[in-house]
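Everything on this sheet refers to the single structure shown next.
Chain naming here is simple, since letters A, B, ... match the order of the sequence lines and numbering starts at 1 in each.
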Amino acid sequence: MTLHPLFLNFVAQGVPIDTIRYILMFPLIVTLVAFFRQVVGIKAFGIYTPSIVTFAFLAFDPGGLKYGVAIFVSIILVGMLSRLLLRRLRILYLPRVAISLTIVALAILAILVAGGSLHRTGLASVSIFPLLIMITLVEKFVATQIEKGDKVALMLAGETLFISLVGYFLARSSTIAEYLLAFPWIVLLTIPVNIFLGRWRGLRLSELLRFSKLLK
Amino acid sequence: MIPLLEAWKKSRDILGMNARNLDYLRPYNKKRAKRFADDKIACKRLLAKNELPVPLLIARIKTLDDLENFDWSKLPESFALKPNHGFGGEGILVVYGKKKNEEHTWIKADGSLIRVEDLKTHIRNILDGSFSLANMPDSAFFEERLKLLKLFKPYSWKGIPDIRVIVFNRVPVMAMLRLPTKESGGKANLQHGALGLGIDMANGTTTSAVQGFGGFARSIDCVPGTRLVLSGIRIPFWKEILRLAVEAQNISGLGYLGADIAIDRDRGPVFLELNARPGLSIQLANLDGLKGRLTRVSGLKVKTAEKGVRMGMDLFGGEIEEEIEEISGKKIIGTVEKVKLIGKNGKEIEVEAKIDTGADSTSIDTELARELGFGEVMNFFETIPKPENTENRSTLSALSAEYDQKYKHAHPDLSGVVFVYAPNGFTMRPKILISFFLHGAEVSSRVSIIERSRMQYPIIIGRRDLKKFLIDSNK
């Protein structure tokens, strides 16, 4: 693997190579999210959530993607459940989200304990950082549930999972990583790409589907 | 490959989210105008200042202090409680009546009761920003509850239907009637499952319909669960509604506007709100693309609201109908039409008339005749003695002829007397000369006067006066 001279220096200073790699990956991931929104029409929970979940998945590595997805799905399920429980309790927004977050945190704790007792060491050795990221997902989810209803929230959660998975495989690609580490300036190419995406006036793929009746 | 090419060509007429944001919202809806449209109370005030109709504001609650000091006895029997910066119909609470014998208790659409404590919790949620864009703290307000138009009653579930009109460059380009359903919980928003009905811009008649679910919409012919056909509903005050929408564009400065207008039973068209980011489903309801229409009107110089309305009506509807009218030289009317009657001394009254090809001639209600200034001749008519023996139709027509001859000139307004079969024998009716306007054409008619107060329409128009028209029973 050839490193750009700049990074040789960084590495000599003790910056981990993976950190450099993921920071360089970040522009690519967010551009991917923008592409999915503007051209494909997959919305997800904004741009921050799918990209940060991508990195949470990466943090489960090696071989921890299945745990990442499992925790993602269980968080959504517990989030839904907590809304059902809290529906009768007529309380204001923030306290309600706080209770939801508490329930989710406890649920994750339960999953970790269960993982430990089943000797799933991969799950137990997960660092706290990706777990916390995943928990914050609940706020997005609950907010969407309140504003737009369960269906939309579930759909957006599914879309977020999808984009994060695509992002995960993109970020894992060693070919791309090698190019980025050797020629870091290519990340600047995402800027013209985003300018193009930002001026894209065409119908999104999802809209072609939505308006298919008008195309006949 | 040909159908694919066709589809691609058609896709260019459809307005997508990207093009809407870049080509219409960004350049034409400036930040100030947008902020204004999002602030319902400010919007209401401005419209009212310019003499456009809006629901009356009952009270506003800005802070928790306001809420604690609020005088609940100030609230009327029925009202709507709304968040000022709400969107998509969220957070709106409507009560229909006060519960008797119980202080400060109201009844909601579904019959459940709501007390001051419930209202307070709801208002606290509103103040906290639960229903506003980006959860910004908000204020709440009470406003007059609009009353449902009789015409819409069979079509809507609990809530009030409204008409969304897209206005661009002072031309109303597309419109949709939104009907609340059970699925939408009485809300008129497509994403909640309300019905969206496309509208022929020329005459305000509904065409195709969809029911929304999520971001999608499926075609539908009848009101869900019934056999009530959704096409062919003629929206009253159509031209007025379009004019109001265009005026609202002038006032608000929103170059690409979605105006939501409801029709109140007593007040007629009333603005519900102005929308600075109108959705795209209207294209599905109308089975037509917005971009094609917007392109056709961009760059046109439209000086007045009236001109813009006329352009919208001419450009985007009624083509088939106009062709038939041109070929036959006859106007196409529906089975119920507005007519303007010209009474004595030029007095004009507009009413809904039933077009009845089963009747030979036109007849109007006694009350209406009096209002039109024919009270005197009716009083005179009362003094004419009624004949007694009437056994069959020949004697009836003979009687008619005889009385006609005898009393024709007995009073300057009386133009004849006619005998008509009725369940209990016959009735004797006076005939007068009157002219009325039907679908823009003047008709001079000899009409008979009869008590119709228990009928739905105060006038029926018979065959003799329908020679200039074709009747479309779907209209």
Quick one: what part of [X] sits under 4.5 Å from any heavy atom of chain A, side chain, backbone, both or neither?
| X | result |
| --- | --- |
| Ser208(B) | neither |
| Leu280(B) | both |
| Gln283(B) | both |
| Arg26(B) | neither |

So does [X] have more than 12 non-hydrogen atoms from other groups sitting under 6.0 Å from [atom1]?
| X | atom1 | value |
| --- | --- | --- |
| Asp18(A) | CG | yes |
| Lys291(B) | NZ | yes |
| Trp8(B) | CH2 | no |
| Lys43(A) | NZ | no |
| Lys182(B) | NZ | no |
| Lys158(B) | NZ | yes |

Distance, nearest 0.5 Å, that separates [atom1] of [X] from [atom2] of [Y]:
| X | Y | atom1 | atom2 | value |
| --- | --- | --- | --- | --- |
| Asp288(B) | Phe211(A) | CG | CZ | 11.5 Å |
| Leu214(A) | Lys10(B) | CG | NZ | 9.5 Å |
| Leu208(A) | Ile14(B) | CG | CD1 | 7.5 Å |
| Leu203(A) | Met17(B) | CG | CE | 11.0 Å |

Problem set entry | Within-4.5 Å side-chain heavy-atom neighbours: Lys213(A) and Val210(B) |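 A side-chain contact under 4.5 Å exists here.
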For this session: Check Arg199(A), Glu207(A), Gln38(A) against Asn18(B) for a side-chain contact (heavy atoms from CB on, under 4.5 Å) and give me the one that passes.
Result: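 Of all the options given, the one that passes is Gln38(A).
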For this session: Look at Ser219(B), Gly129(B), Gly91(B), Gly289(B) and state which one has the largest set of heavy-atom pairs under 4.5 Å with chain A.
Result: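 Answer, by heavy-atom pair count under 4.5 Å with chain A: Ser219(B).
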Exercise. Among Asn286(B), Asp128(B), Asn21(B), who wins on heavy-atom pairs under 4.5 Å with chain A?
Worked result: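 Option with the greatest count: Asp128(B).
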